[in-house]
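Worksheet: one structure, shown below.
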Amino acid sequence: MGSMDNTAKRLLQRLVRRIPSQMLKTTLDKWSRLTAAQRQSMDYAESKWALTEKLLAICEENELTVKHIAELEMIHVIENPNLGMWYVFQLMDPQDDAHSVELTQFKEQFKSHLSELIRHVSIKIKKHTDEAVWIRIAWGDTFSRPNHLKPTYVVHYLQTPYVFLTSPTSKQKPLLSQALVLSTRYQAIKDANLSGRKLTAIRDLLMKQYLQVFPTKFPSPLAERNCVVSNLHIEKEQAGSAANRHQMACEAFGDGILPQLQSAVYKLETKFRDHTNKTMTERDEPFKCVVKFASTNLLESLRHSASSGVTSTPVTPLLSSVPLKGKNYFVITDNGPGPSSQMKPSQK
Amino acid sequence: MFKFISGFSFSLCRYARDMERPQNSVARTPTDSIMAQRRSKNKSYRQSYRSCLGAASRLSHTPGWTARRLNTSRRTKSHNITEKVNPEDLALLVKTEWQLSYVTPLYQFRHTQLRSYSRQLSAFITAEKQQGLAVEVEGAQTSFRVSFSAVQGLGETDDDAETVLLQIHSKPVFAGKDEAQKLVWSGWLTCINGNPEYLHLLPKDFTCLPLFGSRGAENLTSLVKSWFQQTFDCCFGPLEINQTCLQWLAALWTNCHIESSIQHLKMIWTLPVEPPLQITYTVNSQDVWELWNSVRNPSLESREEEEAARSIDIEEVTRFMQGLKSHFYRHFRLDLSAGRLSQVSSALGSAKFSGRIKMSNSRYVLTTLTLLTECALLKMPI
């Protein structure tokens with residue numbers, strides 16, 4: 001029986017399946033667990049099955065274990081963070097020394113706290129080039145070894161209160177929250193009600209790393225990007241209001257390329273108000289409904305809907321809150337947007 | 001298909017002249033296509049659905065174009081058909097999503113010949129599948145068994161032809177001898193509460209089953225359609241479920257909430273922005289039912305039984321949708337009318353603009369099929 005047990009083999013198989021052949025070479029090089037000769041011997045034109053067998057043999061030769069394969073997976077995920085769902089959490093109430101927490105301290109503290117909370121857990125921490133700290137956690141419990149096939153990834157940007165998680169289960173979340181809070185020197189952590197498939201997009205949204213447009217006193221309109229001249233008279237007539245709409249749309253959502261958010265969900269619990277419908281307006285109970293906006297790039301769709309007039313301008317705060325507050329889940333009651341709950345809302 | 005020849009001196013000629021109306025409805029039939037000649041020897045003809053409606057309404061002095069839309073009023077009685085219809089057939093019909101098409105009337109289709117049709121269609125499919133195989137390999141081809149059956153009890157009037165159910169079973173290529181054949185494709189042809197004037201005007205040899213639903217592999221669906229086209233000289237076409245129809249279904253299903261809980265009313269809209277925006281608007285069942293109730297016309301009947309069988313008018317449906325849209329606008333300042341309703345669903349079923357329908361509750365099958373039969377008849381080219 002070699003060093004590669006069943007889990008390691010399965011993990012490797014899954015990885016080779018997922019990583020496109022062209023990328024496999026660079027990922028393996030980064031991993032640097034293969035000797036030069038072994039790297040040379042890999043023929044990336046072969047079928048995935050053949051590649052898997054080859055790699056398995058090499059791993060046995062080098063006496064690699066599941067922990068090393070987990071490393072390989074981590075490299076792949078860091079290079080491709082836009083697959084799978086990410087959920088954002090926000091650390092609250094920093095203690096005095098929160099801002100001076102640096103990498104080594106965080107790493108040690110996080111590992112020690114989490115290991116105290118769970119008997120069997122496997123933690124790998126890596127600092128990526130752009131100030132992000134990546135953590136891979138394989139969860140076990142009192143009786144079983146860590147399950148490397150269902151890891152949780154955590155990304156934390158030191159000096160910000162934001163933490164990004166993949167697929168946390170309800171059992172793991174409190175333990176993870178505890179460890180994070182203690183190691184970052186904050187007092188609490190809450191659901192930021194923002195989620196999406198693209199880590200880079202939700203990160204950019206939160207850190208406002210896109211072209212924001214601020215209201216100007218001198219309305220020199222931003223030049224229209226797509227000018228489709230249909231009728232000169234209509235264009236002239238509409239020019240003023242079109243420019244106005246465009247300006248307000250950009251103020252609400254930003255200019256240029258916007259972070260790729262896929263959806264926003266609003267849980268409405270407000271009363272029905274319509275002067276043409278007396279019965280419903282007199283009702284005491286709220287008109288409960290859920291509205292979900294979805295698109296390949298939600299912010300661009302919303303911006304276009306505002307600039308084209310589909311959405312009336314000025315843009316309602318419900319929609320502009322998405323980029324402004326960096327959230328995409330809202331509970332709206334008649335008293336204004338409700339406080340985000342501590343429970344993670346289900347995203348459909 | 002049909003060859004269009006104008007100027008036949010049949011007694012229905014005057015309807016052709018009546019077609020020369022000032023209105024320019026987009027839905028008009030071409031003026032010289034009223035008379036159609038079949039390619040078979042019998043000189044039969046069919047009158048277009050629209051022209052017959054138009055003529056009839058012209059005789060009664062109402063503008064012809066209103067007849068070329070869906071009925072503006074609908075009965076809402078639910079029907080417990082579980083007693084009347086074979087439970088197996090009903091189980092097949094309900095809880096499956098069907099792709100809809102319209103079919104022009106079938107020439108010389110006999111409900112008594114269903115067995116023969118089963119054999120013919122089996123042979124046709126097997127032959128088509130074998131095309132291209134140079135050598136006949138023993139036992140290596142898939143065998144298809146087709147069965148046509150009439151679904152009795154599904155229907156209300158005597159004018160409607162009986163619904164026909166088609167099923168195709170097959171054994172996969174390398175299955176063992178004892179393995180049972182699996183149902184790989186199913187479909188049905190139906191006419192529920194078809195317009196009686198139109199049905200009466202059809203010549204004797206034509207059977208009108210305008211609504212076709214299918215489920216299964218696309219290649220089998222096209223083979224079935226080809227066979228029908230060849231055998232009964234009919235024509236298939238895709239049936240979209242348009243905005244009005246989807247709104248009707250939203251209202252009809254909500255109306256049933258007291259009797260059978262809809263659990264929620266879900267509507268999906270698509271907006272023409274770049275990139276396209278999809279809005280899913282799901283309303284709690286109790287709240288949407290109260291909204292529906294609040295837009296109903298005041299009831300003229302006071303008796304309880306009549307309540308259940310009250311009809312719904314298009315104005316009520318419009319007010320209902322308007323209420324939903326205005327609540328949405330109040331929050332998002334986005335008018336959903338700028339977009340297109342592409343799907344409506346509830347616990348009672350789901351309907352998509354692309355022509356996919358699912359009826360999850362047997363009580364409302366007839367109401368839904370009545371609406372869809374109407375859509376099919378309207379969509380038929382002639």
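Letters go in sequence order (proteins before strands), and every chain restarts at 1.
Heavy-atom neighbours of chain A within the stretch residues 242-249 of chain B, taken at a separation under 4.5 angstrom, are nonexistent.
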| message | Evaluate A/Asn277 against B/Leu291 for side chain to side chain contact (heavy atoms under 4.5 Å, CB included), listing each step before the verdict. | response | CA-CA 9 Å; A/Asn277 190 327; B/Leu291 173 63; 3.6 Å; yes
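Heavy-atom distances place both the backbone and the side chain of A/Arg273 under 4.5 Å from chain B. At a 4.5 Å heavy-atom cutoff, A/Lys267 makes no contact with chain B through either its backbone or its side chain. Both the backbone and the side chain of B/Thr282 come within less than 4.5 Å of a heavy atom in chain A.
Taking the six-membered ring where the residue is Trp, A/Tyr266 and B/Phe332 present perpendicular rings, their angle passing 60° and hence far from 30°.
A salt bridge between B/Arg330 and A/Asp274 is absent, with no side-chain N of the basic residue lying under 4.0 Å from a carboxylate O of the acidic one.
How far CD of A/Glu285 is from CD of B/Gln286: 8.5 Å, rounded to the nearest 0.5 Å. Summarising the geometry, atom CG belonging to B/Leu271 is positioned 11.0 Å from atom NE2 belonging to A/His304; distances are rounded to the nearest 0.5 Å. Rounding to the nearest 0.5 angstrom, the gap separating the CD atom in A/Glu269 from the CG atom in B/Asp287 is 10.0 Å.
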Under 3.5 Å donor-acceptor pairs involving side-chain atoms of residues 272-281 of chain B, not counting sequence neighbours:
unit_1, atom_1, unit_2, atom_2, d
B/Tyr281, OH, B/Leu324, O, 2.9

Give every donor-acceptor pair under 3.5 Å between a side-chain atom in residues 312-320 of chain A and any protein atom, sequence neighbours left out.
unit_1, atom_1, unit_2, atom_2, d
A/Ser312, OG, B/Tyr329, OH, 2.7
A/Thr316, OG1, A/Leu318, N, 3.2
A/Thr316, OG1, B/His331, O, 3.2
A/Ser320, OG, A/Thr316, O, 3.4

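For B/Thr370, the side-chain contact (heavy atoms from CB on, under 4.5 Å) partners two or more places apart in sequence, or in a different chain, are B/Ile192, B/Asn193.
When each of A/Thr296, A/Asn297, A/Leu302, A/Thr276 is scored by its heavy-atom pairs under 4.5 Å with chain B, the top score falls to A/Asn297.
Scanning all heavy atoms of the two residues, the minimum distance from B/Ser326 to A/Phe272 falls at OG-CZ, 4.4 Å. Across all non-hydrogen atoms, the minimal contact from B/Glu290 to A/Arg283 is OE1-NE, 2.6 Å. A/Val310 and B/Ala338 make their closest contact through CG1-CB, 4.0 Å (heavy atoms, listed as atom of the first residue, atom of the second, distance).
A heavy-atom distance below 4.5 Å is found between the side chains of A/Cys289 and B/His327.
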